[in-house]
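Just so it is clear, the model here is predicted, and its values are computed rather than measured. Sequence lines set the chain letters: A, B, ... in the order given, protein chains first and strands last, and positions in each chain run from 1.
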Amino acid sequence: MKHSDPPLKETINNTSDTNFIRQEIEKDLQTNRYDSRVHTRFPPEPSGYLHIGHAKAICISFGIAEDYGGLYNLRFDDSNPLTEESEYVEAIKRDVRWLGFDWKDREYHASDYFETLYAYAVNLIEKGKAYVCDLTPDEMRTYRGTLVAPGTNSPYRDRSVEENLVLFQGMRDGEFPDGSRTLRAKIDMSSPNLNMRDPVMYRVLRAHHYRHGDNWCIYPTYDFTHGQSDSIEGITHSLCDVNFEDHRPLYDWFLEALEIYQPRQIEFARLNLTYTVLGKRKLRVLVEGGHVRGWDDPRMPTLAGMRRRGYTPESIRDFCNRIGVSKADNLIEMGQLEYSIRDNLNRRAPRVMAVLDPVKVIINNYPEGQVEMFDAENNPEDENAGTRKIPFSREIYIEREDFMEDPPRKFFRLAPGREVRLKHAYYIQCERVVKDENTGEIVEIHCTYDPETRGGWSEDGRRVRGTLHWVSTEHAVDAEVRLYDSLFTEREPESAAEGEDWIQFLNPDSLEILNNCKVEPSLVDAPPESRYQFLRMGYFCVDSDTTSEKLVFNRTVPLRDSWAKIQRGQK
RNA sequence: AGGGCGGUGGCCAAGCGGUAAGGCACAGGUCUUUGGCACCUGCAUGCGUAGGUUCGAAUCCUACCCGCCCUGCCA
């Protein structure tokens, strides 16, 4: 029988083509419910920076629109002037663009619909479906009832249409103090769904809106803004997180009462990640409490932080595709994210040599003053990546952890009498070590090299188990390297036991700064955000703190380390 | 406790009455001038629990258990 090649394995590594939202959309497409259109939107409130959870939402909404040949809008949900700022609008646009999505000219602001929304409100008043209420916030809470007890009708519920019209106009005209009156939808105070117990549509609030200044002193609530904004923009599928499931009946009620075009809201589970917190309020606490350096601190799960850390937009989109979409609560392991960034960087990051914790190696039989230039491949995963020259000389630095005086089993690196390969250079053998008289710390390792192994090969078939990275001392460039560990020590910091504060689970060792690192000279002018693989050490990204005086790198993620695993097993 | 939504291997997630996809993680192994990458192998007689319907159930029915969300004039 003829030998045949193994069958090609179909590698489908995501489930984005089969999630329940897509199934619903396909049904709508088949029944022609929305005229065969698919039009989605991503509606952030400009009150903070986008995080990886938003990336999931963006990938779902925009990704679906792209895949079905539809359109997607970027809409700022800015109906609360108290929390919103232009700075955030710009940051959000930067991050969405960075992720690789282009909303073209479809940038909208819910606040631009304020006039229309006001007219909608008047329309509901005229239909007898909305009324001005004078209850105070406390009273309103009491009248609302509880989860198990029905509410009570407001004493202002039966005001006449005429009176409501006059009062609502008065609200807009600034005749009433903040918080003194609201416009409410007249629905059902005994509904088991609390959102339907005459929800507030408008509040009196004298606050400066970042976009409309002091033009308004009444502002519509989320519930009276969102569905109508979707309707106005011709959205077909309004995708949001499960938090809004209970709001869907209200979303539908307003659109039906208004008798305007009605999109469909579909909810999915929001993302949770181990060893971090997601959610704007909490991230804000970290920033304002000084627990991190800012929204773009490389430890933050914000897109700005991840960008600075060295994450690529491709890796984030890959991650979002891999985790799938469902309605079940989830807690995705960091390892999943790390897999996506390693996979992406493996293919695109140029390899360079950098010694983070240097110890000097002197090659005694190498001619003093001699310098050789070796060719080093830039990326074994990319044949088009080419090569670069790296200088070699009599004195080099190697990683301190790559030498052990008394090596355990399976240690393949340098040790007394042992021979190892210096990547791209020569085989060297350790002859002796010099220690500091006082501390006992190794300060020099003396070796000899084999001139017959130039480039790292030998003709005699001799095998060496270890290959070390190195940097020539006289050519080395100094650098600062920042290593990151998880922001929290708990897998699920937000599930802090009662009475405990999640902030106490912050990892005191989430940042480690290495000041004495030596990198190969090709990196002198590496620009911020450029990414590299430091051979055998991990993926690193030039930080924006870099100056012409000092290079600063962030470790994006370490390489997988099976030696560390062996060591753990030996203990 | 009223309502809503969920419960498939350590973490995600397909499955839509015909006999448990895939990914991450993990464990072995091959290869290797990165202890990286790649490649190979293994990893749920089981789908919250208990009954029932059926030739056949993760999929249908009944009851129960567990988890999350909802009592802002936030979104």
Side-chain angles (χ1 to χ4, degrees), chain A residues 6 10-15 18-19 23 43-45 47 77-80 82-83 133 135-137 140-142 144-151 178-184 191-197 199-205 218-219 221-223 225-226 240 242-249 267 269 274 280-281 321-340 342-343 346-347 351 353 377 380-381 410-413 421-425 427 455-457 464-469 533-538 558-566:
Chain A
E10 191 77 16
T11 49
I12 297 171
N13 51 23
N14 67 68
T15 56
T18 55
N19 73 55
Q23 290 179 7
E45 183 191 18
S47 59
D77 217 337
D78 53 359
S79 57
N80 180 5
L82 263 19
T83 56
C133 181
L135 254 26
T136 65
M140 200 180 288
R141 193 175 311 120
T142 304
R144 186 159 33 232
T146 69
L147 294 177
V148 292
D178 286 7
S180 62
R181 286 189 224 256
T182 57
L183 182 71
R184 295 226 260 165
S191 170
N193 180 348
L194 297 255
N195 293 120
M196 301 299 273
R197 321 246 261 226
V200 170
M201 297 162 59
Y202 270 91
R203 67 266 206 185
V204 179
L205 180 61
I218 57 171
Y219 289 93
T221 57
Y222 164 84
D223 285 308
T225 304
H226 203 91
C240 61
V242 287
N243 230 343
F244 297 99
E245 225 158 8
D246 291 340
H247 292 251
R248 191 172 64 227
E267 311 84 7
T274 58
K280 251 183 277 191
R281 317 78 37 177
N321 280 149
R322 285 171 181 278
I323 59 175
V325 183
S326 77
K327 299 190 73 160
D329 289 339
N330 63 78
L331 180 63
I332 311 291
E333 292 177 342
M334 267 300 177
Q336 189 80 233
L337 227 198
E338 293 179 343
Y339 176 85
S340 288
R342 283 193 186 109
D343 183 57
N346 176 48
R347 280 174 280 169
R351 273 58 170 172
M353 294 203 285
E377 70 181 340
E381 304 294 319
K410 291 187 178 173
F411 182 82
F412 303 148
R413 282 112 94 142
R421 171 170 36 238
L422 292 177
K423 178 84 175 175
H424 304 306
Y427 291 1
W457 300 96
V464 289
R465 298 296 300 267
T467 299
L468 309 188
H469 59 98
Q533 183 193 102
F534 286 2
L535 223 62
R536 304 206 302 135
M537 300 305 286
L559 253 30
R560 291 189 64 197
D561 186 355
S562 57
W563 166 237
K565 203 174 297 177
I566 291 168

For this session: Pick base, sugar-phosphate or nothing for A:F244, based on heavy-atom distances below 4.0 Å to the nucleic acid.
Result: base
Exercise. For the side chain of A:T18, counting heavy atoms from C-beta on, which of B:U71, B:G15, B:C74 is nearest?
Worked result: B:G15
Problem set entry | Donor-acceptor pair present, A:R342 side chain and B:G36 base, under 3.5 Å | no
Exercise. Can A:W563 be classed as stacking with the base of B:G35, given a centroid separation cut-off of 5.5 Å and a plane angle cut-off of 30°?
Worked result: yes
Exercise. Taking only N and O in the side chain of A:R465, is any of them less than 4.0 Å away from OP1 or OP2 of B:U34?
Worked result: no
Exercise. Atom CZ of A:F412 to atom P of B:G35: distance rounded to whole Å?
Worked result: 10 Å
For this session: Classify the nucleic acid contact of A:H226 as base, sugar-phosphate or nothing, counting any heavy atom under 4.0 Å across all strands shown.
Result: nothing
Exercise. Any idea which of B:C37, B:C12, B:C73 is nearest the A:I332 side chain?
Worked result: B:C12
Exercise. Looking at B:C12, B:A1, B:U34, which one has an atom nearest to any side-chain atom of A:Q533?
Worked result: B:U34
Problem set entry | Pairwise 5' ranking along RNA chain B for A:F534 and A:K327, keeping only the more 5' one | A:K327
Exercise. Looking only at side-chain N and O atoms, does A:R203 come under 4.0 Å of OP1 or OP2 in B:A75?
Worked result: yes
Problem set entry | Any strand: nucleotide that pairs with B:A50 via Watson-Crick or wobble, under 3.5 Å | B:U62
Exercise. Between B:G72, B:A75, B:C12, which one does the side chain of A:I323 approach most closely?
Worked result: B:C12
Seminar exercise, completed: Comparing A:L135 with A:N330, nearest RNA chain B nucleotide closer to 5' gives the residue A:N330
Exercise. According to the Watson-Crick and G-U wobble definitions, with both distances under 3.5 Å, which nucleotide is paired to B:A38?
Worked result: B:U30
Exercise. With a non-hydrogen cut-off below 4.0 angstrom, is A:M140 in contact with a base, only sugar-phosphate, or nothing?
Worked result: base
Problem set entry | Selected nucleotide, minimal atom distance to A:P192 side chain, candidates B:C69, B:U71, B:G3 | B:G3
Exercise. Where the side chain of A:S326 is concerned, which of B:C24, B:A75, B:A13 is the nearest nucleotide?
Worked result: B:A13
For this session: Report yes if a side-chain nitrogen or oxygen of A:K565 is closer than 4.0 Å to either non-bridging phosphate oxygen (OP1 or OP2) of B:A27; otherwise report no.
Result: yes
Problem set entry | Basic-acidic side-chain contact under 4.0 Å: A:E267, A:K327 | yes
Exercise. Where the side chain of A:D246 is concerned, which of B:G15, B:C70, B:G67 is the nearest nucleotide?
Worked result: B:C70
Problem set entry | B:A44 and B:G9, which share atom name P, separated by this distance in whole Å | 12 Å
Problem set entry | hbond_proxy A:E245 side chain to B:G6 base (donor-acceptor, 3.5 Å cutoff) | no
Seminar exercise, completed: The glycosidic conformation of B:G48, counting syn as within 90° of 0 and anti otherwise, is anti
Exercise. Hey, is the main chain of A:D343 close enough, under 3.5 Å, to the side chain of A:R347 for a donor-acceptor pair?
Worked result: yes
Exercise. What is the nucleic acid contact for A:H469, judged by heavy atoms within less than 4.0 Å: base, sugar-phosphate only, or nothing?
Worked result: nothing
For this session: Examine the base of B:C16 for any acceptor or donor lying under 3.5 Å from a partner atom in the side chain of A:Q23, and report the outcome as yes or no.
Result: yes
Exercise. Under 4.0 Å between a side-chain N/O of A:S79 and OP1 or OP2 of B:A75, yes or no?
Worked result: yes
Problem set entry | Proximal nucleotide (of B:C70, B:C12, B:G36) relative to the A:N195 side chain | B:C70
Problem set entry | Pairwise C1' distance for B:C47 and B:A14, with rounding to whole Å | 12 Å
Exercise. Counting any heavy atom closer than 4.0 Å, what does A:L331 reach on the DNA or RNA strands: base, sugar-phosphate only, or nothing?
Worked result: sugar-phosphate
Exercise. Using atom C1' of each nucleotide, how far apart are B:C39 and B:A50 to the nearest Å?
Worked result: 46 Å
For this session: Inspect the contact between A:D561 and A:K565 and indicate whether a charged nitrogen and a carboxylate oxygen are less than 4.0 angstrom apart.
Result: no
Exercise. Does A:S562 have a side-chain nitrogen or oxygen under 4.0 Å from the phosphate oxygens OP1 or OP2 of B:G36?
Worked result: yes
Exercise. Considering every strand shown, what is the Watson-Crick or G-U wobble mate of B:G10 when both distances are under 3.5 Å?
Worked result: B:C24
Problem set entry | Options B:C24, B:C74, B:C26, nucleotide nearest the side-chain atoms of A:N80 | B:C74
Exercise. Would you say A:R536 reaches B:G35's phosphate, i.e. side-chain N/O to OP1/OP2 under 4.0 Å?
Worked result: yes
For this session: Please measure how far the P atom in B:A58 lies from the corresponding atom in B:A20, and state the result in whole Å.
Result: 9 Å
Exercise. Is the distance from OP1 or OP2 of B:G72 to the nearest side-chain N or O of A:R144 less than 4.0 Å?
Worked result: yes
For this session: Answer with base, sugar-phosphate or nothing: what part of the nucleic acid does A:Q336 contact at a heavy-atom distance below 4.0 Å?
Result: base
For this session: Classify the side chain of A:R141 and the base of B:U71 as holding, or not holding, a donor-acceptor pair under 3.5 Å.
Result: no
Exercise. Which base sits across from B:G67 as a Watson-Crick or G-U pair, both distances under 3.5 Å?
Worked result: B:C5
Exercise. B:G48 and B:G6: how far apart are their P atoms, nearest whole angstrom?
Worked result: 14 Å
For this session: Can you tell me, in whole Å, how much space there is between the P of B:G17 and that of B:G10?
Result: 28 Å
Exercise. How would you label the contact of A:R413 with the nucleic acid (heavy atoms, under 4.0 Å): base, sugar-phosphate, or nothing?
Worked result: base
Problem set entry | Among B:U34, B:C68, B:G7, the nucleotide that comes nearest once only the side chain of A:A328 is considered | B:G7
For this session: Under 4.0 Å between any heavy atoms, over every strand shown, what does A:P43 touch: base, sugar-phosphate, or nothing? Just pick one.
Result: nothing
Exercise. With rounding to whole Å, what would you report as the distance between B:C68 and B:A63 at their P atoms?
Worked result: 24 Å
Exercise. Across all strands, who's sitting opposite B:G18 as a Watson-Crick or G-U wobble pair, both distances under 3.5 Å?
Worked result: B:C55
For this session: Indicate whether OP1 or OP2 belonging to B:C74 is found under 4.0 Å from a side-chain N or O atom of A:Y222.
Result: no
Exercise. Roughly how far apart, to the nearest Å, are B:C12 and B:G7 at atom C1'?
Worked result: 14 Å
For this session: Would you mind classifying the nucleic acid contact of A:G335 as base, sugar-phosphate or nothing, using non-hydrogen atoms under 4.0 angstrom?
Result: sugar-phosphate
